[in-house]
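Structure record follows, encoded as structure tokens.
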There are 2 protein chains.
Amino acid sequence: MTAARRIIEGEGEEALTMRRLASTLGLQAPSLYKHFATKRALEAAVIDQALLEFGSRLHAAVAAPGRLGAVRSLLAAYRAAALAHPALYRLVTVGPLPREDLTPGLEDWAGEPFFSATGDPWLAQALFSFAHGMVILELDDRFPAGSDLDRTWKAGAAAFSR
Amino acid sequence: MTAARRIIEGEGEEALTMRRLASTLGLQAPSLYKHFATKRALEAAVIDQALLEFGSRLHAAVAAPGRLGAVRSLLAAYRAAALAHPALYRLVTVGPLPREDLTPGLEDWAGEPFFSATGDPWLAQALFSFAHGMVILELDDRFPAGSDLDRTWKAGAAAFSR
DNA sequence: TACAATGGCTAACGGTGTTAGCTAGCCCTG
DNA sequence: CAGGGCTAGCTAACACCGTTAGCCATTGTA
């Protein structure tokens, strides 16, 4: 639901409330249950769409890596996409995935670029962990004040590039 | 508060409820507010203690790295500590830190082992991001079923040890 | 024209963190 | 020893949360 997404992106994940969403749609909260069995299912619809969009950007980054190399291009795209939609990124990546409500195969497809960039399944997962760790720690303000995160990304990219 | 910690470790973070905690202590929920200004402050007390314990294990790992080298020893200790107390690890590391309710300097101290192990502030942050990413993604069951995470950890360690 | 499905509604339930206001007991002081 | 304040408990209540039950108007179809 596009209205749900707008609330999440504009005011954060916890601002999405059945009553809040209903009121922006001009109805009452229980009416939403005629369209989604549960709040989690509603979120799953948003996650599904976001996963497609994030995945597209990653695929594009490894398909046309430019002079940076696939790993650096992928990391740059990953960071940019996440920081452009922080609340959406959190919704998609933190906590358990509602897999039964998602398009089959979409999750794997979105992760493929890490395999393409590294050519090795274990290195791919390690690289993904690094990227997610960097993003989520930045979004949660866990790095010391004044950290040079550009340089930290570079250090990580260098470690994974050889 | 040790009772709060026991609830979190035993039944997960969301099981910690003011009423639930109060009832295990034989009181009513509002009485808890005579001791903690808010639920977040209560959690901060648990986080403070957990940060001390997790930090101790990391310091020990880099102080006596054995034949593995500091980076591998640190990563092994990090993963073991987190998986031994998953709910506590989540409480400490996901979402914003209630810094004003924490022992000053404790957060920095707990992160020091990453600097000791790498000798470089940017590589230290990158290594921390990798470790946290690995742990939180494993706890949230985000890796494909049947992943060989031992091997993924090794791949990451190799990238950062060079 | 009758019927069933769709999609809205109100009322309500049990849960959450939190506040207000009261009170019983304790300690310190006059 | 009397009195006053502080501590730490209590009950009642508030606003909010996801969710369910049950009702009803509209719509599309047989």
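What you see is a predicted model; the values in this text were computed from it and never measured. Below, chains carry the letters A, B, ... as their sequence lines are ordered, and counting in each starts from 1.
- Within 4.0 Å (heavy atoms only), Ser31(B) reaches at least one base atom of the nucleic acid.
- Residue contacts shown for Leu32(B) are absent, as no nucleic acid heavy atom lies under 4.0 Å away.
- In this structure, His35(B) does not reach the dT7(D) phosphate: none of its side-chain N or O atoms is under 4.0 Å from OP1 or OP2.
- For Lys34(B), the side-chain atoms get nearest to dA8(D) when compared with the rest of dA8(D), dG8(C), dT19(D).
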Problem set entry | ring-ring contact (aromatic ring centres under 6.0 Å, His included) between His132(A) and Tyr89(A), worked out | CA-CA 10 Å; His132(A) 171 63; Tyr89(A) 179 85; 5.8 Å; yes
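- In this entry the distance linking CG of Leu27(A) with P of dG7(C) reads 12 Å, nearest Å.
- Lys39(B) comes within 4.0 angstrom of sugar-phosphate atoms only, judged by non-hydrogen atoms across all strands, and of no base.
- Taking the six-membered ring where the residue is Trp, the centroids of Trp122(B) and Phe115(B) are separated by 6.0 Å or more.
- A close approach under 4.0 Å does occur between a side-chain nitrogen or oxygen of Gln28(B) and OP1 or OP2 of dT11(D).
- Going from atom CE of Met18(A) over to atom C1' of dC9(C) covers 15 Å, rounded to whole Å.
- Thr118(A) has its side chain out of reach of Phe160(A): every pair of non-hydrogen atoms, C-beta onward, lies at least 4.5 Å apart.
- For Thr38(B), the side-chain atoms get nearest to dT18(C) when compared with the rest of dG9(D), dT18(C), dG8(C).
- Listed nucleotides dC10(D), dG8(C), dA12(C) differ in distance to Arg19(A); the shortest reach to its side chain belongs to dA12(C).
- Arg142(A) and Glu107(B) are not joined by a salt bridge, as no carboxylate oxygen comes within less than 4.0 angstrom of a charged side-chain nitrogen.
- For Phe36(A) and dT20(D), the CZ to C1' distance is 19 Å, given to the nearest whole Å.
- Counting any heavy atom pair closer than 4.0 Å across all strands shown, Leu21(A) reaches no nucleic acid atom.
- If Pro30(A) and Ala15(A) are placed on DNA chain D by their nearest nucleotide, the residue sitting closer to the 5' end is Ala15(A).
- Rounded to whole angstrom, the span from the OH atom of Tyr33(B) across to the P atom of dT18(C) amounts to 4 Å.
- With Arg5(A) as reference, Glu53(A) is the one residue of Glu43(A), Glu13(A), Glu53(A) to meet the salt bridge (Lys or Arg N to Asp or Glu O under 4.0 Å) rule.
- dT18(C) atom C1' lies 14 Å from atom CD of Glu43(B), rounded to whole Å.
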